[in-house]
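Everything below concerns the one structure shown next.
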Amino acid sequence: MTLLVLLHTALTLSWLGGYVLLLSKAGPVLHKPRVHRALGRTTGVVLIGFGLALVTASG
């Protein structure tokens, strides 16, 4: 069980470390106004879609 926990911890740290490295390199591009607007709009559309799916889901 301990080995499984250590493996999970190592995989998580490597994944998050890679994620941080990728975002630190992509930071200047993501802060451009055009990209920033596109990300905001895309996020808005996805959240509205999730909301509509939740409203129309039969429960």
Side-chain angles (χ1 to χ4, degrees):
M1 185 69 159
T2 303
L3 181 60
L4 184 60
V5 170
L6 291 174
L7 179 63
H8 184 266
T9 302
L11 288 172
T12 301
L13 287 175
S14 63
W15 169 254
L16 291 176
Y19 192 60
V20 166
L21 183 64
L22 176 72
L23 287 178
S24 69
K25 299 291 183 185
V29 174
L30 295 174
H31 286 297
K32 291 183 179 179
R34 185 173 180 182
V35 175
H36 197 110
R37 279 193 308 270
L39 285 173
R41 289 178 181 158
T42 303
T43 304
V45 167
V46 168
L47 289 175
I48 290 171
F50 283 149
L52 290 174
L54 184 63
V55 167
T56 59
S58 60

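All residue numbers in this chain count up from 1 along the given sequence. What you see is a predicted model, and the numbers here were worked out from it, not measured in a lab.
- Between T9 and the choices L13, T12, L7, the side chain to side chain contact (heavy atoms under 4.5 Å, CB included) rule is met once, by L13.
- Note: L16 CG to L21 CG = 12.5 Å, rounded to the nearest 0.5 Å.
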Can you give me every donor-acceptor pair (side chain of residues 25-46, partner residue at least two apart or in another chain, under 3.5 Å) with its distance?
residue, atom, partner, partner atom, Å
T42, OG1, A38, O, 2.8
T43, OG1, L39, O, 2.7

